[in-house]
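The structure appears right after this line, and notes come after that.
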Protein chains: 2
Amino acid sequence: MKLKAIDISRTASASSIIFDVLRKAIIEGEIAENSPLRQDEIATLFNTSRIPVREAISRLEEQGLVKTQRYKGAIVAGLSAPEAAEVFDLRALLEPEILRNAVPRMSRDCLAEARAHCQAFSDSDSPMEWGDLNRVFHKTLYSASDLKFFIEVADNAMDRVERYVRAQLVISDGMERAGIEHFAILEACEMGDGDRASLLLRDHILGAKRSLLDHFPALTSRQDG
Amino acid sequence: MKLKAIDISRTASASSIIFDVLRKAIIEGEIAENSPLRQDEIATLFNTSRIPVREAISRLEEQGLVKTQRYKGAIVAGLSAPEAAEVFDLRALLEPEILRNAVPRMSRDCLAEARAHCQAFSDSDSPMEWGDLNRVFHKTLYSASDLKFFIEVADNAMDRVERYVRAQLVISDGMERAGIEHFAILEACEMGDGDRASLLLRDHILGAKRSLLDHFPALTSRQDG
DNA sequence: ACTTTGAATATTGGATACAATATGCGATAC
DNA sequence: GTATCGCATATTGTATCCAATATTCAAAGT
């Protein structure tokens, strides 16, 4: 029998859908730091009971994206400047390792896709997109790596600071600089020079950290949910 | 008014208690890999409904300790040899950084406590304790560090491999070697030599990785839940 | 006015009830 | 005997309901 079957058992449950949507909203900064997440309100939005909402919130808490207090509910977790700095330090440690591992495994297609994303990022003048384009570029580079666990941790780290990165790209001259650095990293990858790509990436992340810390007060005062 | 008040709002909820107990049972290897976690069974054990059990399982999944399939339930997640190796590589990257950060911040008390744990580990001839004593020694060293996020990630990494580390300590000569290496690391800390402690720790972890990989087939065939 | 108290409301945590799906087993057809 | 089907049971996912706690606000006392 020839059918294009999909594995229905891996279909998303209500709670995982809600988790994904809330996660996205939080990391993109659509819900302001310290905003409460009301179970009832969310349940109504998704036309479900509060049960799957609660499970989604439990997972978000485990990811460090919200903080909950018994009988008081969950609020979006924010970071202090030193905490954000620490997350960047972790990224600066992990992501270069991932990239070094990925470079020798990159296919022609993968490199082409990365270049496309890199160009799109550089060309875009729509601030709303920058965050996505930035992340998708990094993600594409790492996708060739087989360090699943490293990637998982790096993803979580990025989740925690993406909000600030987005705001920083808009406020500062971060966009131009990031574009240039991305091309340099990409070129090292294309040359097959993992060590160089790795070093450039490290500098890229630490540069972003510095820039972020410089603008941190301005970033956290912006409420936008 | 002077009372030794405790913050009751931070009292543990049923779901967090269940989470803690399940987590402990899983990382200590009391529940075998791939064993199913039956919601009803667990709920009965704790005299609760399945609701808090489900929240606990959601969190465990987010931590990578169990895998779930829709309508089929959760099973304890196991690691392949390369996956375990990757987790050790992550530890070898993170924990030395944590220790380097911690060393200059260690109080006399902290060092004394670490030495006590180190001695206890070295002296113990009760295999059941080894895993705990090992972890508590490492934890004490890191406790002086202010890298909360690094520690969080390192903890999760250790959670995922602790089962194997425990088994390996029992099967191989890992115990003796670990004891010696612990003392060397501790001495470097006592001398205030963070770089040296950091290097020794890295070697310690990579040595454990090597030893673990050598024994991996034997470790994973042992079922004990 | 300021503080305190207590009741009304809002919100969360958990239990029970029901729906959807998986699993095991016997019956039937071949 | 083997394969397939269909029902009974087991298990999970979600909705509804109740209990516990937080929050708000008006009333009363000072």
Side-chain angles (χ1 to χ4, degrees), chain A residues 1 3 5-23 25-26 31-63 65-77 225, chain B residues 1 3 5-23 25-26 31-63 65-77 225:
Chain A
M1 201 174 52
L3 286 178
I6 58 170
D7 185 347
I8 292 181
S9 83
R10 286 185 189 169
T11 303
S13 62
S15 74
S16 71
I17 293 173
I18 295 172
F19 172 78
D20 289 340
V21 173
L22 287 181
R23 170 180 165 277
I26 291 172
I31 313 180
E33 280 180 21
N34 300 314
S35 299
L37 299 179
R38 295 290 164 218
Q39 299 174 4
D40 232 335
E41 182 186 352
I42 297 167
T44 304
L45 281 175
F46 288 89
N47 257 304
T48 67
S49 72
R50 281 162 39 225
I51 300 292
V53 175
R54 294 177 47 142
E55 293 183 6
I57 289 178
S58 293
R59 293 155 109 112
L60 290 171
E61 178 166 31
E62 219 51 44
Q63 292 293 323
L65 297 180
V66 307
K67 290 184 294 191
T68 66
Q69 256 192 314
R70 195 159 149 80
Y71 294 114
K72 289 187 182 170
I75 60 172
V76 175
Chain B
M1 200 174 51
L3 287 178
I6 59 170
D7 185 347
I8 291 181
S9 83
R10 285 186 189 169
T11 301
S13 63
S15 74
S16 70
I17 292 173
I18 296 172
F19 172 78
D20 289 340
V21 173
L22 288 179
R23 170 181 166 276
I26 291 171
I31 313 180
E33 281 180 19
N34 301 315
S35 297
L37 299 180
R38 295 291 162 217
Q39 298 174 6
D40 236 334
E41 183 185 352
I42 297 168
T44 304
L45 281 175
F46 288 88
N47 258 303
T48 66
S49 73
R50 283 161 41 227
I51 301 291
V53 175
R54 291 176 53 87
E55 293 184 7
I57 290 177
S58 293
R59 291 151 105 122
L60 290 171
E61 179 168 30
E62 220 52 43
Q63 292 292 324
L65 297 180
V66 307
K67 290 183 294 190
T68 65
Q69 255 191 314
R70 196 159 145 82
Y71 294 115
K72 289 187 183 170
I75 60 174
V76 176

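Just so it is clear: chains get the letters A, B, ... in the order the sequence lines come, proteins before strands, and each one is counted from 1. A quick note: this is a predicted structure, and the numbers were derived from the prediction, not measured. Hydrogens, waters and symmetry mates play no part in the numbers below; they use all other heavy atoms, side chains included.
Residue A:L65 holds its CG atom at 9.0 Å from CD of B:E62, rounded to the nearest 0.5 Å. If you take CZ on B:R59 and CD on A:E61, they are separated by 5.0 Å, rounding to the nearest 0.5 Å. Distance check, rounded to the nearest 0.5 Å: OG of A:S15 to CZ of B:R70 gives 8.5 Å. Rounding to the nearest 0.5 Å places OG of B:S49 at 10.5 Å from CZ of B:R54. Distance NZ/B:K67 to CG/B:L60: 14.0 Å, rounded to 0.5 Å.
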#### Entry: nucleotides 10-22 of chain C: protein proximity per nucleotide (B base, S sugar-phosphate only, - neither; heavy atom, under 4.0 Å)
-SBBBBB---BSS
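Contact between A:I57 and A:V66 at its shortest, heavy atoms only, is O-CG2, 4.0 Å. Contact detail for B:P52 and B:I18: the closest heavy-atom pair is CB-CD1, 4.0 Å.
A:I17 places its CD1 atom 12 Å from the C1' atom of D:dG13, with the value rounded to the nearest Å.
Summary for the helix from C:dA1-D:dT30 to C:dC30-D:dG1: the axes at its two ends, each from 5 pairs, differ by 0° when rounded to the nearest 10 degrees.
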Less than 3.5 Å apart, which donor and acceptor atoms pair up between the side chains of residues 36-43 of chain A and the rest of the protein, not counting sequence neighbours?
from	atom 1	to	atom 2	distance (Å)
A:Q39	OE1	A:R50	NE	3.1
A:Q39	OE1	A:R50	NH2	3.4

